[in-house]
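Below: one structure, written as structure tokens.
Convention: sequence-line order gives letters A, B, ...; per-chain numbering from 1.
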2 protein chains.
Amino acid sequence: MELTDRQKQILRAIVDIYVSTAEPVGSKAIAALPDVSCSSATIRNEMAELTQMGLLEQPHTSAGRIPSPAGYRFYIDELMQDYRLSMDETKSLNEALELKSQEFDKMMSQVGKLVSKMTDLPAYTVATRRSEAVAKHFDLIMAGPGSIILVLMLSDDQVKNKLIKLPVSVTEADLKLLAAVLNASLTDLTAEQFNGELLEKITRAGGAAGTLVPLVMDFTLECLRQQHGDVHLTGQMRLLGQPEYRDAAEKAQEVFETLDEDMISNLPAVLPKDGPVQFLVGPENVAKELKDTSVVMMRFDIGEGMQGTIGVVGPTRMDYAKITAKLGYFAENLGRMFQKTENPAMPPALAEGNNSTKE
Amino acid sequence: MELTDRQKQILRAIVDIYVSTAEPVGSKAIAALPDVSCSSATIRNEMAELTQMGLLEQPHTSAGRIPSPAGYRFYIDELMQDYRLSMDETKSLNEALELKSQEFDKMMSQVGKLVSKMTDLPAYTVATRRSEAVAKHFDLIMAGPGSIILVLMLSDDQVKNKLIKLPVSVTEADLKLLAAVLNASLTDLTAEQFNGELLEKITRAGGAAGTLVPLVMDFTLECLRQQHGDVHLTGQMRLLGQPEYRDAAEKAQEVFETLDEDMISNLPAVLPKDGPVQFLVGPENVAKELKDTSVVMMRFDIGEGMQGTIGVVGPTRMDYAKITAKLGYFAENLGRMFQKTENPAMPPALAEGNNSTKE
DNA sequence: GCTTAGCACTCTTTCCCTCTGAGTGCCAAT
DNA sequence: ATTGGCACTCAGAGGGAAAGAGTGCTAAGC
């Protein structure tokens, strides 16, 4: 696909204008731009050619042009200019980043809410495991008569817990013994290394609390096998703020019937290329219900073999540049927060400019 | 408010029909019902009177009648008949109740999703603390150089954890000592009993890991003070399936801008009466944005000083009887699952009829 | 006295028609 | 290659008119 400079300029202008107005762009509007020095007739000719090439579309004969999916893709890959966040935007992003929660899962969910709010679009977050996990520590805590809480720490710093209720009663000492056995024999093993033999061995060594072993091992295995953390999807309703969905509630509903949490965790599989920022433009999505929907996603690092993804869902007509800039800002600062901080609730990178003190 | 039997019958019929059709109900439609034996003219007279009494409304002169909020309230309080779940419904509820997750928080969120799916309306769940919580057990686990995971078990069987990163390095032994000190001095204390003196005492006793103490105490305090668990709100988009929101995306959006998670946890404060099932009908809600929105909520027991609430959000024109029946079924079985079960993933009440084996 | 049939009236909804205006595509001129 | 000009197209807005549903009232009936 080879475009002249002028064609590129026109395509870029059309995308930019259409993204902000949601109305087809006519040749006159382009010709009127300050840095365009040819007449609307010329623009019309160029537009006709761009349409020929499949980069533009015409909703109907007497309307202006809108970018086709291929047009967006070209724009993203080659024309998009870095969007500079304004001071105001940076400021509100900074304020938003003052995460309150301290538990990992809640933090991820909070991040999703923030991103959604800041972009005014639906957003999601997921944590994904980069490398194989192993158990790092087991703990068994007496919670009541016949109730035990199993706490499991994984190598990726996640902590999982499960309440186990038993018909037989066990003593604190029993639990302590079993915990020791578990810590000695089940830590640092990958899911593949679990087997029946191991189960038997531990049950034998586990003493009075041996009945617990199968439950513990099942749970551990389940945790180890979990590739993706929970998907936190929020702000679905914000999609309705977009003109293309304003009067098409049905379509909006369909989008999220299709794009459920399962689908979201499988999105990475259909990505066209690799890199920290990813764009899925309209029909590049697998499902036909998403043909008018785009997803921008960005990865960020969370320490210890984990990786976070923030995604924003919107109409294909989306301000890719702005969204990317905002996501980038989040990703950068979150990465910093998760990795180098003593107290994750206060990103050092932001500590200075951040004087908004609620509560 | 005194109604004749016939008036009650008519009001009930209007609510029932309107709930299922979402169209104003005319006198003819009522007269055509099998168990109504008077003419449409009589119905018209009665309807005029019910309108006079404020139980019915007329969207415009030449339309049928719809129930007013007062009409719904009367219906709920006096006319509503128990809805018997059909075999099919029971079956799909049973299948749905096969909860997969085993962690408390995830379970609650999953329950919300199920309820939303089963009612085809937005739903939420919250866990609320019934009595004051105390810490029951502390655990400090080494997660890496300078990284420590604090695991805190509360008297209500919740397990909270926090990743703490420290600039100074501590040894396993240091942590063990500190954990012992924490368990000896901070357990069984209510939030009120925390104070600076205590902090100092523990810090002194905490040895090398003493720097951790303020962080630990802050976190503990935060956990103890948390009255409500997370609100899990899902299925918002399903509101769009309702005719009253189908072409009023803006209204739907407003609903969930108003009814956010904060608002939801405060709902119990505005309830008109007490009991396990609660109805908030349209304008009984505090916010004017919710004047056409109703909430049905039901409480259920979760062991150990905790109480769960499931809520369903819908238009004022809502099948209160059916929703109540479904929520009741959930509440009953969840209560059973949470309390009497060995393995919360399998409610014994359902174990028999439940042969749908996925995975 | 309650009930009912009949009828005029009201008001929304739907359909169709026209008109307007934006924008195109092409042609001839520069 | 670019531009001004012009005929053409088509979606969307506006405006009745007609249809249809349902009411309220009145007068007759049981």
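A salt bridge links B/D77 with B/R73; the closest basic N to acidic carboxylate O contact falls under 4.0 Å.
Atom NZ of B/K251 has more than 12 neighbouring heavy atoms from other residues, nucleotides or ligands inside a 6.0 Å radius. Environment of CD in A/E250: sparse, with no more than 12 heavy atoms of neighbouring residues, nucleotides or ligands closer than 6.0 Å.
Across C/dG25, C/dT10, D/dG24, the shortest atom-to-atom separation from the side chain of B/R65 is found for D/dG24. The listed nucleotides are C/dG23, D/dT2, D/dA21; the one nearest the side chain of B/S62 is D/dA21.
When only modelled atom types and interatomic distance are considered, B/Y72 and B/E284 share no side-chain donor-acceptor pair under 3.5 Å.
Taking atom CD1 on B/I14 and atom P on D/dG22, their separation rounds to 12 Å, with Å as the unit. Atom P of nucleotide D/dC6 and atom NZ of A/K28 are separated by 14 Å, given to the nearest angstrom. B/E46 has its CD atom 15 Å from the C1' atom of D/dG24, to the nearest Å. For the pair A/H60 NE2 and C/dG23 P, the computed distance is 9 Å after rounding to whole Å. The separation between B/N45 atom CG and C/dT3 atom C1' is 9 Å, rounded to whole Å. In this structure, B/M47 atom CE and C/dT4 atom P are separated by 15 Å, rounded to whole Å. Atom CD in B/E23 sits roughly 11 Å away from atom C1' in D/dA21 (whole-Å rounding). Following rounding to the nearest Å, B/E57 (CD) and D/dG22 (C1') show an atom-to-atom distance of 17 Å.
With hydrogens and angles ignored, no donor-acceptor pair closer than 3.5 Å exists between the side chain of B/T61 and the base of C/dC11. The base of C/dG6 lies close enough to the side chain of B/R44 for a donor and an acceptor atom to sit less than 3.5 Å apart.
Base contact: B/T42 has a heavy atom under 4.0 Å from a base atom. At a threshold of 4.0 angstrom between heavy atoms, the contacts of A/A41 include nucleobase atoms, whether or not backbone atoms are also involved. Among the heavy atoms of the strands lying under 4.0 Å from B/S27 are primed sugar atoms or P, OP1, OP2 only; no base atom is included.
Of the side-chain N and O atoms in A/Q58, one or more sit less than 4.0 angstrom from OP1 or OP2 of C/dG25. Of the side-chain N and O atoms in A/S39, one or more sit less than 4.0 angstrom from OP1 or OP2 of D/dT3.
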(Q) Pair B/F74, B/V15 - check side chain to side chain contact (heavy atoms under 4.5 Å, CB included), show working. (A) CA-CA 10 Å; B/F74 189 90; B/V15 173; over 6 Å; no
